[in-house]
Amino acid sequence: MSGYGSMFLSKVIDTENFNAFSKYNITENSFISDKEKEVYRFIQEYHERNRGKTPSYATVTSEFPDFFYVPGVTDSFSYIANKIRQQRAELDFKVLVEKELPGLYEDVGRHDMAKFTELLTSRMEEIKIGLRTGVRVGLDLKANATEYLEEYERRKEGKSFKMYPSSFPVINRALGGGYIGGNVYVTFGKTGRGKTAVTLYESVFLAVNGATVLIWSMEMATYEVLTRILSFISAMSKVSHALINGQKFGSGFDTGKLRSGQLDAEYEHVLRQMLDNINEHIKGNIILRAVDDPEFDSRNLAQLQSDIEEVQADVVMIDPFYYLDYERNTSRKTGGDAEETSKKLRRIAGRTGTVVFAITQAEEDKNEGKRKERGGDAVTELQQREIKLPVRGEVKKTTQLLEDAALCIAVDTNYKKKLGRIGLVKGRDGGEDEVAEIIYAPEIGVIEELIIDASMFDI
């Protein structure tokens, strides 16, 4: 009696359609019987050795007299392939339940249920992957031309296309309106120069305006990150005002006083009110995983994607990228693990439709290090230090991250001067070499692009 595996193999032989295996996602493991697997391997080897040809019925039956050849199969490859995958999944599930599961529970589940469920979920995912079809290879423009128009209409109605305007006008100009879901945006700068503060401010701004933001903070503890977040939110709500470099800005809670629990009574009352009515201050949401989170053990991309799907994140902030658990790379190229991680992060952004902010580091100025070794007044040197944006070549951890980014944002600041700059050093859709001056006073929640008004000057 023939099975669907024999029918598929026979149809491949009759039609000389070797590509049906890859097109319909049929591999050696798809077949149940050992004989079908042997015939599959033979066809594969014959194809490789004979310049892409498929063996004839006579050749296959000569090699395998006991192979049940089915002539003239009229059912479609798609139908037979689905039946093969269904049979394979049913068998795998039966083996899992009857044979694997009891042993797995005894060996792992009795001691660590979390690990047990993780392994069980992974095994079920393997079975699920085996059910996937592989019918469509890309989009055929002639056959699917109307799909573009349908997507255009969905975007016109705001149903599938998500754009998130930045708090910085220079970025909105470069991106044609804001960040687009499905892309990675890289912020980089030297140590202590504001790259995290600028990116966190931007993430909070997007959350305040309706986005669900997932933050992976792998350097700072929970209370520290929340302190910065609340200072930014309060500044955006203008709970106070401050005069900075001659201009008046809406400002927020003093982060130093928040950290020590020493807010003035007036502002402590405002803080309590803000937290009691947080929905009035933030339209979206912020989900934070910080370095001191006892449940934040796994920091790989599989966990990241799981978190994105669990909280239905629109925006993700990874601080810093190089603290992720890197993906393994089989090539022995230096930095290959980081490159592979960057590539997979880009795919996750596209697959989940999220805006991903990845923070990385720029090389330090060696001359500046020598000046510090010689001593001197550090405060005076900081006040006099020129604000200078890093360039692409100074990215320290991985250049692949820059290649995968839709936009690379360089940051440099001087907190003593309460000034800084952001510069766009690589844009997939243009905007390179755009630079904006910013007011930088994160200690009171203020990070804003400096808008220069001509009326400020006598002309």
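Because the structure is predicted, anything quoted here is derived from the model rather than measured.
- Residues V391 and V425 have side chains not in contact (no heavy-atom distance under 4.5 Å, counting atoms from C-beta outward).
- In this structure a side-chain-to-backbone donor-acceptor pair under 3.5 Å is missing from R346 to T341.
- Side chain to side chain, S6 and E36 meet the donor-acceptor criterion of an N or O pair below 3.5 Å.
- Judged purely by atom type and a 3.5 angstrom limit, S231 uses its side chain to pair as donor or acceptor with the backbone of G445.
- With E437 contributing its side chain and L419 its backbone, the two residues share no donor-acceptor pair below 3.5 Å.
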Exercise. List the steps and the verdict of side chain to side chain contact (heavy atoms under 4.5 Å, CB included) for D314 and V355.
Key: CA-CA 6 Å; D314 302 306; V355 170; over 6 Å; no

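- Legend: salt bridge (Lys or Arg N to Asp or Glu O under 4.0 Å) pairs involving residues 347-361, not counting sequence neighbours: none detected.
- The pair D412-K190 does not count as a salt bridge, with every side-chain nitrogen at least 4.0 angstrom from each carboxylate oxygen.
- If you look at Y323 and W216, their ring centroids are not closer than 6.0 Å.
- The backbone N or O of V108 sits nowhere less than 3.5 Å from a side-chain atom of D112 that would complete a donor-acceptor pair.
- A 4.5 Å side-chain heavy-atom check between L120 and L96 finds at least one atom pair inside the cut-off.
- Relative to the ring axis of Y46, R49 does not place its NZ or CZ within 45° and under 6.0 Å from the centre.
- Residue D34 qualifies as open at atom CG: its count of foreign heavy atoms under 6.0 Å is 12 or below.
- The shortest distance between side-chain heavy atoms of L175 and I180 does not fall below 4.5 Å.
- Under the side-chain hydrogen bond (donor to acceptor under 3.5 Å, both in side chains) criterion, E28 pairs with R41, not counting sequence neighbours.
- Side-chain contact between V213 and I287: absent, with no pair of heavy atoms (C-beta onward) separated by less than 4.5 Å.
- Checked by atom type, the side-chain pair Y440/E448 shows no donor-acceptor distance below 3.5 Å.
- Y69 places no side-chain N or O within 3.5 Å of a backbone atom of A58 that could act as its donor or acceptor partner.
- Shown here is E63, whose CD atom has more than 12 heavy atoms of other residues, nucleotides or ligands within 6.0 Å.
- By the 6.0 Å contact criterion, CZ on F93 is open, its count of non-hydrogen atoms from other residues, nucleotides or ligands being 12 or less.
- If you check the side chains of S62 and T59, you find no donor sitting under 3.5 Å from an acceptor.
- With 3.5 Å as the limit, one finds a donor-acceptor pair spanning the side chains of T191 and Q361.
- Nearest heavy atoms, F296 versus A290: CD2-O, 3.2 Å.
- In this structure a side-chain-to-backbone donor-acceptor pair under 3.5 Å is present from K11 to V73.
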Quiz item: side chain to side chain contact (heavy atoms under 4.5 Å, CB included) between V186 and I409: does it pass, once the steps are laid out?
Solution: CA-CA 6 Å; V186 173; I409 306 165; over 6 Å; no

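- For CD of E106, the number of neighbouring non-hydrogen atoms (other residues, nucleotides, ligands) closer than 6.0 Å is greater than 12.
- Sorted by first and then second residue, the pairs that involve residues 94-105 and meet salt bridge (Lys or Arg N to Asp or Glu O under 4.0 Å), not counting sequence neighbours, are E100-R123.
- Of all non-hydrogen atoms in K238 and G250, the two that sit nearest each other are CG-CA, 3.8 Å.
- For the pair L206 and F357, the minimum side-chain heavy-atom distance is below 4.5 Å.
- The backbone N or O of T222 sits less than 3.5 Å from a side-chain atom of D292, completing a donor-acceptor pair.
- Using cut-offs of 30° and 60° on the angle between ring planes, the pair F42 and F64 is perpendicular.
- Taking the side-chain hydrogen bond (donor to acceptor under 3.5 Å, both in side chains) definition, one finds that E309 meets it with Q305, sequence neighbours left out.
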Quiz item: Can you list the steps and then say if E48 with Q44 is a side-chain hydrogen bond (donor to acceptor under 3.5 Å, both in side chains)?
Solution: CA-CA 6 Å; E48 291 175 5; Q44 290 276 339; over 6 Å; no

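- A donor and an acceptor atom, one from each side chain of T352 and T354, are located under 3.5 Å apart.
- Residues D337 and E327 form no side-chain contact, since every pair of their non-hydrogen atoms from C-beta on lies 4.5 Å or further apart.
- Residues M163 and Y179 fail the side-chain proximity criterion, which asks for heavy atoms closer than 4.5 Å.
- Below 30°, between 30° and 60°, or above 60°: for F21 and F8 the angle between ring planes is between 30° and 60°, a tilted geometry.
- Side-chain contact of T212 with N285: a donor-acceptor pair under 3.5 Å is absent, judged by distance alone.
- Side-chain contact between V291 and E219 is absent, with no heavy atoms from C-beta onward closer than 4.5 Å.
- Heavy-atom minimum distance, D307 versus R289: OD2-NH1, 2.8 Å.
- Taking each heavy atom of A349 and V184 in turn, the nearest pair found is CB-CG2, 4.0 Å.
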Exercise. Check the pair L200 / F232 against side chain to side chain contact (heavy atoms under 4.5 Å, CB included), numbers first and verdict last.
Key: CA-CA 9 Å; L200 183 60; F232 290 147; 4.0 Å; yes

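- The heavy-atom pair separating P442 from I447 by the smallest distance is CB-CD1, 4.2 Å.
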Quiz item: For L258 and L271, what are the C-alpha separation, side-chain angles and deciding distance, and is it a side chain to side chain contact (heavy atoms under 4.5 Å, CB included)?
Solution: CA-CA 10 Å; L258 278 175; L271 172 65; 3.9 Å; yes

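- Closest approach of G72 to D14, counting heavy atoms only: N-OD2, 3.3 Å.
- No side-chain donor-acceptor contact under 3.5 Å links S166 and N172.
- Between Y326 and F321, the ring planes lie tilted relative to each other; the angle falls in the 30° to 60° range.
- Scanning for salt bridge (charged side-chain N to carboxylate O under 4.0 Å, His left out) contacts around D66 gives K35, with sequence neighbours left out.
- At distances below 3.5 Å, at least one donor-acceptor pair connects side-chain atoms of R88 with backbone N or O atoms of F31.
- Checking side-chain atoms of R421 against main-chain N and O of T413 turns up no donor-acceptor pair under 3.5 Å.
- Contacts of N19 classified as side-chain hydrogen bond (donor to acceptor under 3.5 Å, both in side chains), with partners at least two apart in sequence or in another chain: none.
- Side-chain atoms of N300 never come within 3.5 Å of backbone atoms of D325 as a donor-acceptor pair (strictly under, hydrogens ignored).
- Counted by atom type alone, S217 and D319 present zero donor-acceptor pairs between their side chains at under 3.5 Å.
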